[in-house]
Peer 1: 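Here it is, the structure in full.
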Protein chains: 2
Amino acid sequence: MPVVIACRQNMIAIQDTLDVISGKWRIPIIVCLTMRPELSFTELKEELVYISAKVLSAELRFMEENNLVSREVKKTTTLTVKYSLTAYGRTLERLLFSLMDWGLTHRVQITGKQALEVSNEDYINALRANLPPVVPGIV
Amino acid sequence: MPVVIACRQNMIAIQDTLDVISGKWRIPIIVCLTMRPELSFTELKEELVYISAKVLSAELRFMEENNLVSREVKKTTTLTVKYSLTAYGRTLERLLFSLMDWGLTHRVQITGKQALEVSNEDYINALRANLPPVVPGIV
DNA sequence: CTGCATCCAGATTGATACTG
DNA sequence: CAGTATCAATCTGGATGCAG
């Protein structure tokens with residue numbers, strides 16, 4: 001039996017996790033909500049700089065369905081909605097550190113340099129232009 | 001300063017790792033080469049069941065450029081090329097177990113069931129139809 | 001303010017056919 | 001056997017405009 005069939009349960013589990021954290025904005029959203037535990041839709045949108053309302057909305061709903069984010073409507077004078085990570089959502093933190101550690105090592109492995117230095121400006125431009133600020137041709 | 005800017009170096013590191021392991025076939029390829037440490041192009045293609053030669057070729061070259069896979073040409077009577085994980089490629093293993101653990105927990109969290117049972121046949125059909133065998137609407 | 005609907009562009013993956 | 005080239009489909013993310 002092919003390995004890809006025999007190991008399917010394990011690979012599906014890995015893929016499930018990747019599905020939850022893949023995409024252009026999922027990691028940034030999680031990091032924002034980690035650093036600033038409660039944010040409104042507009043605050044999140046400003047933190048994320050170039051995300052569109054449609055995409056932010058879709059991502060937040062996806063994360064809600066996955067129990068990672070809680071959505072709380074505040075009925076003050078003006079309607080606001082507060083988003084925050086659930087306790088379960090915070091279990092992703094350890095995983096993100098593991099991913100970060102490997103990624104930092106990988107930069108060294110591939111480029112021989114200690115870390116990638118990206119200026120604020122370059123990073124903002126990369127976000128706008130929809131280009132990841134990575135070493136061209138590698139990674 | 002927006003969180004997404006202030007934390008850019010960390011997020012880039014996470015994204016670097018995700019870029020290396022994301023995509024339909026990267027995880028399956030790594031798992032195949034873990035279970036069977038040396039495989040030819042055709043053997044790999046058979047293990048992966050529905051991958052096309054073009055995609056397999058592109059993925060292997062990408063992984064070679066990232067030092068994860070080594071490519072060795074054997075000049076016997078007939079040309080064969082053996083692929084295997086490098087020592088560096090095997091450093092991904094720990095990460096994959098972390099991803100797998102979270103994914104298994106996630107299934108329980110979302111569906112309330114201990115694990116997803118997918119038959120060989122269903123999994124093969126999903127590979128062919130280009131559909132991940134996941135819970136519809138969730139994950 | 002908080003989103004949804006529509007339409008659209010670019011990237012990813014695949015099918016098919018062909019080469020050294 | 002080990003790929004490459006070309007063309008097509010599908011998927012993701014985005015721009016714009018509108019509504020509760």
Side-chain angles (χ1 to χ4, degrees), chain A residues 4 15 18-29 38-65 69-84 124-132 134 136-137 139, chain B residues 4 15 18-29 38-65 69-84 124-132 134 139:
Chain A
V4 80
Q15 208 59 58
L18 291 178
D19 288 345
V20 166
I21 59 180
S22 289
K24 183 174 175 182
W25 295 106
R26 302 248 167 99
I27 297 292
I29 290 171
E38 199 184 70
L39 291 170
S40 69
F41 187 87
T42 303
E43 285 170 335
L44 254 176
K45 192 165 180 319
E46 283 165 2
E47 287 286 353
L48 294 166
V49 183
Y50 279 107
I51 197 171
S52 69
K54 171 195 154 185
V55 171
L56 178 54
S57 177
E59 296 294 28
L60 286 171
R61 197 162 337 103
F62 173 86
M63 294 172 123
E64 237 191 300
E65 285 168 0
V69 162
S70 69
R71 179 181 189 278
E72 193 186 350
V73 179
K74 306 263 189 185
K75 276 284 186 187
T76 56
T77 50
T78 149
L79 171 76
T80 60
V81 182
K82 291 291 189 181
Y83 292 94
S84 47
I124 291 177
N125 285 334
L127 281 182
R128 174 165 43 209
N130 206 15
L131 296 168
V134 295
V139 181
Chain B
V4 80
Q15 207 59 57
L18 291 178
D19 289 345
V20 166
I21 59 180
S22 289
K24 182 174 176 182
W25 295 107
R26 302 249 167 99
I27 298 292
I29 289 171
E38 199 183 72
L39 290 171
S40 69
F41 187 87
T42 302
E43 284 169 336
L44 253 176
K45 191 165 182 318
E46 282 164 4
E47 287 287 353
L48 294 166
V49 183
Y50 279 108
I51 197 170
S52 68
K54 172 192 153 186
V55 171
L56 178 55
S57 177
E59 295 295 30
L60 286 171
R61 195 156 341 99
F62 172 86
M63 293 172 126
E64 236 191 301
E65 284 168 1
V69 163
S70 70
R71 178 182 191 276
E72 194 185 348
V73 179
K74 306 263 187 185
K75 276 283 185 189
T76 55
T77 50
T78 149
L79 170 75
T80 61
V81 182
K82 291 292 188 180
Y83 291 94
S84 47
I124 291 177
N125 284 334
L127 281 180
R128 174 165 43 209
N130 206 14
L131 296 168
V134 294
V139 181

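Lettering of chains follows the sequences in order, A, B, ..., and the numbering in each one begins at 1. Note: hydrogens, waters and symmetry copies are ignored here, and every other heavy atom, side chains too, is used.
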Peer 1: Using a cut-off of strictly less than 4.0 Å, decide whether A:Lys45 has a side-chain nitrogen or oxygen near OP1 or OP2 of C:dC1.
Peer 2: no

Peer 1: CD1 of B:Ile51 versus P of D:dT4: gap in Å, rounded?
Peer 2: 13 Å

Peer 1: With the side chain counted from C-beta on, respond yes when B:Val4 and A:Glu47 share a heavy-atom pair under 4.5 Å apart, and no when they do not.
Peer 2: no

Peer 1: May I have the distance from B:Tyr50 (atom OH) to C:dT16 (atom P), rounded to whole angstrom?
Peer 2: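 Those two atoms, OH and P, are 13 Å apart.
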
Peer 1: Kindly say if A:Thr78 contacts the phosphate of C:dC1, meaning a side-chain N or O under 4.0 Å from OP1 or OP2.
Peer 2: no

Peer 1: Using a cut-off of 4.0 Å on non-hydrogen atoms, how would the nucleic acid contact of A:Tyr83 be classed: base, sugar-phosphate, or nothing?
Peer 2: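 If one applies the 4.0 Å heavy-atom cut-off, A:Tyr83 turns out to touch the sugar-phosphate alone, with no base involved.
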
Peer 1: Can you see if the side chain of B:Arg61 gets near the phosphate of D:dT4 - specifically, an N or O under 4.0 Å from OP1 or OP2?
Peer 2: yes

Peer 1: I'd like to know if B:Lys54 reaches the base of C:dG14 with its side chain, counting only an N/O donor and acceptor under 3.5 Å.
Peer 2: yes

Peer 1: Decide yes or no for B:Phe62 and B:Val69: does some side-chain heavy atom of the first lie under 4.5 Å from some side-chain heavy atom of the second?
Peer 2: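 Not touching, per the 4.5 Å side-chain cut-off.
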
Peer 1: I need the B:Ser40 OG to B:Glu72 CD distance, nearest 0.5 Å.
Peer 2: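 It comes to 12.5 Å.
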
Peer 1: If each of A:Thr80 and B:Trp25 is mapped to the nucleotide of DNA chain C with the nearest heavy atom, which maps nearer the 5' terminus, i.e. the 5' end?
Peer 2: A:Thr80

Peer 1: Please round to 10 degrees the angle between the axis of the first five pairs and the axis of the last five pairs in the helix from C:dC1-D:dG20 to C:dG20-D:dC1.
Peer 2: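 Computed angle between terminal axes is 40°.
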
Peer 1: What is the distance, to the nearest angstrom, from the CZ atom on B:Arg26 to the P atom on C:dT12?
Peer 2: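 Rounding to the nearest Å, CZ of B:Arg26 and P of C:dT12 are 9 Å apart.
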
Peer 1: Compare all side-chain heavy atoms of B:Ile29 with those of B:Leu56 and state whether any distance is below 4.5 angstrom.
Peer 2: yes

Peer 1: Does C:dC1 have OP1 or OP2 sitting under 4.0 Å from an N or O in the side chain of A:Thr42?
Peer 2: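 For A:Thr42, the contact criterion (side-chain N or O under 4.0 Å from OP1 or OP2 of C:dC1) is met.
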
Peer 1: When you measure from the side chain of B:Ala53, which nucleotide among D:dC1, D:dT4, D:dG14 comes out closest?
Peer 2: D:dT4

Peer 1: Report the distance from atom NZ of B:Lys54 to atom CD of B:Glu59, rounding to the nearest 0.5 Å.
Peer 2: 10.5 Å

Peer 1: Measure from the side chain of B:Val55, starting at C-beta and using heavy atoms only, and say which of C:dT2, C:dG14, C:dC4 lies closest.
Peer 2: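 It is C:dG14.
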
Peer 1: D:dC1 P sits how many Å from B:Leu79 CG, rounded?
Peer 2: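 My rounded result for the distance is 10 Å.
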
Peer 1: In whole Å, what is the span from the CZ atom of B:Phe41 to the C1' atom of C:dT19?
Peer 2: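 Interatomic distance, CZ of B:Phe41 to C1' of C:dT19: 14 Å.
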
Peer 1: Nearest whole Å is fine: how far is C:dG3 P from A:Glu43 CD?
Peer 2: 13 Å

Peer 1: Would you mind reporting whether A:Phe41 and A:Leu60 have side-chain heavy atoms less than 4.5 Å apart?
Peer 2: yes

Peer 1: Measure CG/A:Leu18 against C1'/C:dT12 and give the value in whole Å, please.
Peer 2: 16 Å

Peer 1: Report the nucleotide, chosen from C:dT13, D:dA2, C:dC1, that has the shortest atom-to-atom distance to any side-chain atom of B:Val81.
Peer 2: D:dA2

Peer 1: Take the protein atom NZ of B:Lys82 and the nucleotide atom P of D:dG3, then report the distance between them rounded to whole Å.
Peer 2: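 To the nearest whole Å, that distance equals 13 Å.
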
Peer 1: Counting C-beta onward and ignoring hydrogens, is there a side-chain heavy-atom pair between B:Met63 and B:Arg71 closer than 4.5 Å?
Peer 2: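 They are not in side-chain contact.
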
Peer 1: Does the side chain of B:Ser52 get closer than 4.0 angstrom to OP1 or OP2 of C:dT13 through an N or O atom?
Peer 2: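 Negative; the distance criterion is not met.
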
Peer 1: Report the distance from atom OG1 of A:Thr80 to atom NZ of A:Lys75, rounding to the nearest 0.5 Å.
Peer 2: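 Atom-to-atom, A:Thr80:OG1 and A:Lys75:NZ are 10.0 Å apart.
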
